[in-house]
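Computed over heavy atoms, backbone and side chain alike; hydrogens, waters and symmetry mates excluded. Numbers restart at 1 for each chain; the letters A, B, ... are given by sequence-line order, proteins then strands. This is a predicted model, so every value here is computed, not measured.
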Protein chains: 2
Amino acid sequence: MPLDISSHTGEKPAGRIRKQNEKLILTAAEKEFAACGFKGASMREIAARAKLPKANIHYYFKNKLGLYLAVLSDIIDLWDGTLSNLTTDDDAAQSLAQYLRKKIEFSRDHPLASRIFASEVISGGPNLGSYFTEGYEAWFRSRTAVFEQWQQQGKLDPNIIPSHLIFLLWSSTQHYADFALQASSALGKETLDEEDYEQAITTLTHIILKGCGIVLED
Amino acid sequence: MPLDISSHTGEKPAGRIRKQNEKLILTAAEKEFAACGFKGASMREIAARAKLPKANIHYYFKNKLGLYLAVLSDIIDLWDGTLSNLTTDDDAAQSLAQYLRKKIEFSRDHPLASRIFASEVISGGPNLGSYFTEGYEAWFRSRTAVFEQWQQQGKLDPNIIPSHLIFLLWSSTQHYADFALQASSALGKETLDEEDYEQAITTLTHIILKGCGIVLED
DNA sequence: GTCTATAGAGTGATAGAC
DNA sequence: GTCTATCACTCTATAGAC
């Protein structure tokens, strides 16, 4: 049971209950949206998963889209702060290796988040609003710029097209969340275990760093 | 208009109409299932896309699941015959390069198929029946065996774990179908063009072959 | 083979008692 | 803040006229 810190933060008990229930609902919604997509998800099922009456969901969240966007924005917040952290100053080898590890650990620890985002993009992003239109290209260019500088400094194979390298970093790591069912089935397991994730990190890091003409000293 | 060959094949005109309508419905269903997932898709919308009355869909296909499975089995048929074609006899460099090209061209030419399969796996594969359970592990092992033989013959870096290399081949190529929206947005385009796909093939081939310790002579 | 009309279950959302 | 009861709508699927 978590420690009650409401008397220290000045929150009303009511606010505490609100946060608890919102958390319950968000967790339930995450599972349902990951399993069924936005259109396929049902508020009835979310309520059942949260073990709350259906009307309570509508008390805390305006409607289905509002709940979905709340889940999705949490996910996008998590997304930021990984690739955005890459800067030119960093050591190319260390940076790439760390990025691959972080993303695979993210796939292991937040598979539902990754799947909801993937479902949304696959279905054409009808609920992403202006996420991909406003400033996305500019942000992406600031990311490719880091790789271009590394290329100019001779730290990265100049034959590689940075944008496609980024797509490779994304796809190869997210795969362990989105296609975990296929991967575990292929390996003859119920779920991927710690060793599988470590082997994924090792193999991906090896192939991509070597393929990019980078040597990681240990 | 396609040439009428029914008098040569012995098909009844009725059979011809059946095939035409089934094709219309399957094409419409493919778009709808890719955009909404299985649960989110609606037979009403599929009928509208096919420009047929809703009841006609049920005349040609038993129910929603039957139609979905028809679409999905077409997709899985397409899937086979790519990785399955890899054999030990082949030249490792040529084989991998060809595989990457084939899969990216597949992502370009059949993005909807890739997305439907991805949606199904992401949502936990509730409609895949025994696809992942019966013989899938054995089939996958026969695929990793090819890479292991290459390793024993010194054609492939022994540090690489074959199963994770296969996951990398899958993920990096399918990404161009499933995440086409994100990729095109990042590049500031409406859709990916021929040059993008060529650059994807070039970059992926370069990184993966070099990363695997394989040199592709041209 | 085609298509209208509709049954019957499930959907998101809300009013109103507690 | 909670939750039952219900509304209006959409869903899949089918019966039955043409």
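For residues 102-123 of chain B, every residue pair satisfying the ring-ring contact (aromatic ring centres under 6.0 Å, His included) rule, not counting sequence neighbours, is listed here: B:Trp79-B:Phe106, B:Trp79-B:Phe117, B:Phe106-B:His110. Applying the salt bridge (charged side-chain N to carboxylate O under 4.0 Å, His left out) test to pairs two or more places apart or on separate chains, those with a residue in residues 100-115 of chain A are A:Arg101-A:Glu105, A:Arg101-A:Glu198, A:Arg108-A:Glu194.
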Check: residues 49-58 of chain B side-chain donor-acceptor pairs under 3.5 Å, at least two apart:
residue : atom : partner : partner atom : Å
B:Arg49 : NE   : B:Glu32 : OE1          : 3.2
B:Arg49 : NH2  : B:Glu32 : OE1          : 3.2

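When the nucleotides C:dT11, D:dG1, C:dT2 are ranked by their closest atom to the side chain of B:Tyr59, C:dT2 comes out on top. Among D:dG1, D:dT4, D:dT12, the nucleotide with an atom closest to any side-chain atom of A:Arg18 is D:dG1.
Per the geometry, CG belonging to A:Asn56 stands 8 Å off C1' belonging to D:dG1, to the nearest Å. If you measure from atom CD of A:Gln20 to atom P of D:dT2, you get 10 Å, rounded to the nearest angstrom. Atom CD1 of B:Ile25 is separated from atom P of C:dC3 by 11 Å (rounded to the nearest Å). Taking atom CD1 of residue A:Ile46 and atom P of nucleotide C:dG10, one finds them 17 Å apart after rounding to whole Å. What separates CD1 of B:Ile57 from P of D:dC11 is a distance of 14 Å, to the nearest Å. Look at CZ on B:Phe38: it is 14 Å from P on D:dC11, rounded to the nearest Å. Rounded to an integer number of Å, the gap from A:Leu67 CG to C:dT11 P is 15 Å. Rounded to a whole Å, the CD atom of B:Glu22 is 13 Å from the C1' atom of C:dG1.
Mapping A:Leu52 and A:Lys39 onto DNA chain D via the closest heavy atom, the residue that lands nearer the 5' end is A:Leu52.
In this structure B:Phe132 satisfies the ring-ring contact (aromatic ring centres under 6.0 Å, His included) test together with B:Tyr136, sequence neighbours excluded. Here B:Phe147 pairs with B:Trp150 under the ring-ring contact (aromatic ring centres under 6.0 Å, His included) rule; sequence neighbours left out.
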Contact state string [nucleotides 13-18 of chain C, B base, S sugar-phosphate only, - no protein heavy atom under 4.0 Å]: BB----

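Within the structure, a side-chain polar atom (N or O) of B:Asn21 is placed less than 4.0 Å from OP1 or OP2 of C:dT2. In terms of phosphate contacts, A:Tyr60 brings a side-chain nitrogen or oxygen within less than 4.0 Å of OP1 or OP2 of D:dT2.
If you check every strand for non-hydrogen atoms under 4.0 Å, B:Phe61 touches nothing. Within the 4.0 angstrom heavy-atom criterion, only backbone atoms of the sugar-phosphate kind lie near A:Ala41; the bases stay farther away.
Side chains of A:Tyr60 and A:Asn21: a donor on one and an acceptor on the other come within 3.5 Å.
Listed for the A:Thr144 side chain is a donor-acceptor partner under 3.5 Å among the backbone atoms of A:Arg141.
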